[in-house]
Amino acid sequence: MTDTTPAGVASTYFAALAQGDIPTVMAQFSPDVVWHQPGAHQFSGVHTGIDGVGALLGGMMEATMGTFALAVTGPAMVNGEMVALPVRFSGARGDASMDMAGVDLLTVRDGKIVAVHLFSEDGAAEDAFWGQR
């Protein structure tokens, strides 16, 4: 049986990301998911719905020629329907590379991720890596 608690959904989501299992990743999102991407770069802003989030993630993978990676670096912290996880994300783009810590905050309701808020340890470096809008 699938664990639809906030911690269970987050665990399924991050395990699927680590394995490159995109169908399982996308299945964790509510059709009305709202993704808040910080910064002032080409991917910044609010992305809505599964199509919007899929386009965002696909764009990041395309820009990094498939090198973008994210790994959970500590335990999930749960507060009701919110789950915060420390992460490390990295990628390469041309001669530039990025490798930094962050926090991903997922809001899970009725067994689906309804909101994602991301936090980066160095917003300016992330902006420089991804490039201007």
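Quick caveat: nothing in here was measured; it's all calculated off a predicted structure.
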Using ring centroids (six-membered ring only for Trp), state whether Phe43 and Trp35 fall under 6.0 Å. no
For the atom pair CE (Met61) and CD1 (Ile22), what is the distance rounded to the nearest 0.5 Å? 7.0 Å
Closest contact, heavy atoms only, Leu57 versus Met26: CD1-SD, 4.3 Å
Within a strict 4.5 Å, meaning less than it, do heavy atoms of the Asp3 and Thr12 side chains meet? no
For Phe29, what residues pass the ring-ring contact (aromatic ring centres under 6.0 Å, His included) criterion, not counting sequence neighbours? Tyr13
State the CD1-CD distance between Ile113 and Glu81, to the nearest 0.5 angstrom. 12.5 Å
Sorted by first residue and then second, give each salt bridge (Lys or Arg N to Asp or Glu O under 4.0 Å) pair with at least one member in residues 110-120; sequence neighbours left out. none
Are Asp32 and Ser30 close enough, and set up right, to give a side-chain hydrogen bond (donor to acceptor under 3.5 Å, both in side chains), and what steps lead you there? CA-CA 5 Å; Asp32 302 319; Ser30 162; 4.6 Å; no
Can you measure from CE (Met82) to CG (Leu106) and round to the nearest 0.5 angstrom? 11.0 Å
For residues Met60 and Thr64, report the shortest heavy-atom separation together with the two atoms involved. O-OG1, 2.9 Å
Between Val9 and Gly111, which heavy-atom pair has the shortest distance, and what is it? CG2-O, 3.4 Å
I'd like to know whether Phe129 forms a side-chain contact (heavy atoms from CB on, under 4.5 Å) with His41, so could you lay out the CA-CA distance, the side-chain angles of the two residues, the decisive distance to 0.1 Å, and finally the verdict. CA-CA 8 Å; Phe129 175 76; His41 54 78; over 6 Å; no
Can you hop from Val78 to Leu118 via hydrophobic side chains spaced under 4.5 Å? yes
So Leu70 and Asp104, do their side chains get closer than 4.5 Å, heavy atoms only? yes
For the student: nearest non-hydrogen atoms of Ala7 and Val83, plus distance: N-CG2, 4.0 Å
Are Val72 and Val108 connected, step by step, through hydrophobic side chains (Ile, Leu, Val, Met, Phe, Trp, Tyr) whose heavy atoms are closer than 4.5 Å? yes
Verdict with supporting geometry, Phe68 and Arg93, side-chain contact (heavy atoms from CB on, under 4.5 Å): CA-CA 9 Å; Phe68 184 76; Arg93 191 167 176 250; over 6 Å; no
Main-chain N/O of Gly39 paired with Ser44 side-chain donor or acceptor, under 3.5 Å: yes
Side-chain heavy atoms under 4.5 Å apart, restricted to Ile/Leu/Val/Met/Phe/Trp/Tyr: what other residues fall into the cluster of Met65, or is it alone? none
Please report the interatomic distance CG(Asp122) to CG(Asp127), rounded to the nearest 0.5 Å. 9.0 Å
Euclidean distance, Asn79 CG relative to Leu105 CG, rounded to 0.5 Å: 9.5 Å
Looking at every heavy atom in both Ser120 and Phe89, which two are closest together, and how far apart are they? OG-CZ, 3.5 Å
Minimal non-hydrogen separation, Ala92 against Thr67, with atom names: N-OG1, 2.8 Å
Is there a path from Phe119 to Val53 through hydrophobic residues (I, L, V, M, F, W, Y) whose side chains come within less than 4.5 Å of each other? no
For Glu121 and Arg88: C-alpha separation, side-chain torsions, deciding distance, then whether side-chain contact (heavy atoms from CB on, under 4.5 Å) applies. CA-CA 10 Å; Glu121 76 175 334; Arg88 183 144 209 100; 4.1 Å; yes
Looking at side-chain heavy atoms only, is the closest gap between Val33 and Val114 below 4.5 Å? no
Distance col, row Gln28:CD vs Ile50:CD1, nearest 0.5 angstrom, shows 10.0 Å
